[in-house]
J.: 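Take this structure first; my questions come after.
In what follows, chains carry the letters A, B, and so on, assigned in the order in which the sequence lines appear, proteins first and then strands, with residues in each chain numbered from 1.
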Protein chains: 2
Amino acid sequence: MTSASRMRPFERSLPMQLMLAREAVMQRFRPHLTARGLTDQQWRIIRALNEVDDLEIADLGARCCLHAASLSRILPKLAADGLISRRGSKTDQRRVIVSLTAKGRRLFEALAPQSEAIYAALARDIGSAKLEKVYQLLDDIIVSLARPARARRNAAAHIRIPVRKTGP
Amino acid sequence: MTSASRMRPFERSLPMQLMLAREAVMQRFRPHLTARGLTDQQWRIIRALNEVDDLEIADLGARCCLHAASLSRILPKLAADGLISRRGSKTDQRRVIVSLTAKGRRLFEALAPQSEAIYAALARDIGSAKLEKVYQLLDDIIVSLARPARARRNAAAHIRIPVRKTGP
DNA sequence: GCCCGATGATTAACATGTTAAGGGTTTCAG
DNA sequence: CTGAAACCCTTAACATGTTAATCATCGGGC
């Protein structure tokens, strides 16, 4: 039996641990992003767009885990910086399609090697075996909690947790 | 091995996984907090204060992982709601000491059982073995990344990540 | 005692998270 | 065809995260 069965001392709360772990990871990446004037979210958007030609807002939000409301504020800024371009869909005027500009792709190309280097150092510090275990466990948690057995009331309201969408 | 040299598929990025896992967990707790008009952070503050008689701002921030700047906005609201009380230290006029009021303790007592029940259901859905593994791995990651290999002097702190800036 | 750097907290400015409401399109039943 | 519903995105309002600047206080050296 571990301390988990006693009164949890609050510092060991799962959300807090996940937050601290994420912060510990992001502290490795953030300096290089801020040096380029990018926030975490902006970098997620750029990474997501770099993998494809273009994306609708909803798909982009699903891929980089950002609300459409947040994207509505972030994308105009990225467009003003010339990193992305926005255009309307020809078949459905409601939809907005965004894509990286040449400048945006150059920014990605400039940052990607650093990002990979940081990730490599991080994998070295953590250990690849542990790292792989973490990935599996987190995946497992996300799936386990997204579908709590047979409790499927109309909780499908807002945030959807994209579990491995259409494999590319 | 895997494709460490290529850009990772991005959906499996560690920060994103940690974020999704945390969101999946918080979605279990959040409805009960919002029903009481509390945010995640406000609940963390109440939980932290409930474990002690009182705390200085800095210590409170360390315990519930909130910046002093954030606390400076949240604490006045909680005080206005009558959940906490604030007073100055007699020995050091710079310090502010906060504590739960009776109303604040009652709110904690009202929410704690629900919180424990949700956690129990969550532990059941995840499985206690996996849950314990996650705790250990996250602890490990936090420690591993906080001290990148060759630890810089000072290791007095136990598991806290006290510093976030790299220096100007 | 006095200056001055260090410290604890607050404030401001900007960026995002979250929810609700709004506006323009599309879709579909009738 | 038409009007209501559904849909996609945007905007607004509020709360927090983050950084830098500010203010008041404390501490020590002189």
J.: Taking the six-membered ring for Trp, is the centroid-to-centroid distance between A:Trp43 and A:Phe108 below 6.0 Å?
T.: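 Yes; A:Phe108 has its ring centre under 6.0 Å from that of A:Trp43.
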
J.: Report, as a single string ordered 5' to 3', how protein heavy atoms within less than 4.0 Å touch nucleotides 5-11 of chain C: B base, S sugar-phosphate only, - not at all.
T.: -BBSSBB

J.: For B:Ile74 and C:dG17, give me the distance from atom CD1 to atom C1', rounded to whole Å.
T.: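 For the pair B:Ile74 CD1 and C:dG17 C1', the rounded distance is 13 Å.
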
J.: Is it the case that one hydrophobic cluster holds both B:Tyr135 and A:Val134, taking links as side-chain heavy atoms less than 4.5 Å apart, direct or via other members?
T.: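 Hydrophobic grouping puts B:Tyr135 with A:Val134.
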
J.: For A:Gln41 and D:dT18, give me the distance from atom CD to atom P, rounded to whole Å.
T.: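 For the pair A:Gln41 CD and D:dT18 P, the rounded distance is 10 Å.
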
J.: Ignoring hydrogens and angles, state whether a donor on the side chain of A:Thr101 or A:Ser85 is under 3.5 Å from an acceptor on the partner side chain.
T.: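 A:Ser85 and A:Thr101 do not have a side-chain donor-acceptor pair below 3.5 Å.
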
J.: Check the pair B:Glu23 / B:Arg28 against salt bridge (charged side-chain N to carboxylate O under 4.0 Å, His left out), numbers first and verdict last.
T.: CA-CA 9 Å; B:Glu23 255 317 291; B:Arg28 297 282 187 100; over 6 Å; no

J.: Between C:dT16 atom C1' and A:Asp40 atom CG, what is the distance in whole Å?
T.: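 For the pair A:Asp40 CG and C:dT16 C1', the rounded distance is 10 Å.
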
J.: Is the phosphate of C:dC14, meaning OP1 or OP2, less than 4.0 Å from a side-chain N or O of A:Lys77?
T.: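 No, outside the criterion.
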
J.: Taking for each residue the nucleotide of DNA chain C with the nearest heavy atom, is it A:Thr91 or A:Leu66 whose nucleotide lies nearer the 5' end?
T.: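 The residue mapped nearer the 5' terminus is A:Leu66.
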
J.: Measure NE2/A:His67 against P/C:dT16 and give the value in whole Å, please.
T.: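 Interatomic distance, NE2 of A:His67 to P of C:dT16: 14 Å.
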
J.: If I take atom CE in residue B:Met26 and atom P in nucleotide C:dT18, what distance separates them, rounded to the nearest angstrom?
T.: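 In whole Å, C:dT18 P lies 10 Å from B:Met26 CE.
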
J.: Give the cluster check for A:Ile118 versus A:Leu131: same hydrophobic cluster or not, with ILVMFWY residues linked at side-chain heavy-atom distances below 4.5 Å.
T.: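 Same hydrophobic cluster.
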
J.: Can you tell me how far P of D:dT19 sits from CG of A:Leu38, to the nearest Å?
T.: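 Atom-to-atom, A:Leu38 to D:dT19, this comes out as 15 Å.
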
J.: Nearest whole angstrom, please: distance from the P of D:dG17 to the CD of A:Gln42.
T.: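 In whole Å, D:dG17 P and A:Gln42 CD are 19 Å from each other.
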
J.: Grab the CD-P distance between B:Glu23 and C:dG17 for me, whole Å please.
T.: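 Atom CD in B:Glu23 sits about 10 Å away from atom P in C:dG17.
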
J.: Which residues pass the salt bridge (charged side-chain N to carboxylate O under 4.0 Å, His left out) test with B:Asp54, not counting sequence neighbours?
T.: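 With sequence neighbours excluded, B:Asp54 shows a salt bridge (charged side-chain N to carboxylate O under 4.0 Å, His left out) to B:Arg87, given in chain and number order.
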
J.: Can you list the residues that meet the side chain to side chain contact (heavy atoms under 4.5 Å, CB included) rule with A:Arg95, with sequence neighbours excluded?
T.: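 A:Arg95 satisfies side chain to side chain contact (heavy atoms under 4.5 Å, CB included) with A:Glu56, A:Ser89, A:Asp92 once adjacent residues are dropped.
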
J.: Using heavy atoms to find the nearest nucleotide of DNA chain D for A:Thr34 and B:Thr39 separately, return the residue whose nucleotide is more 5′.
T.: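 So the residue in question is B:Thr39.
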
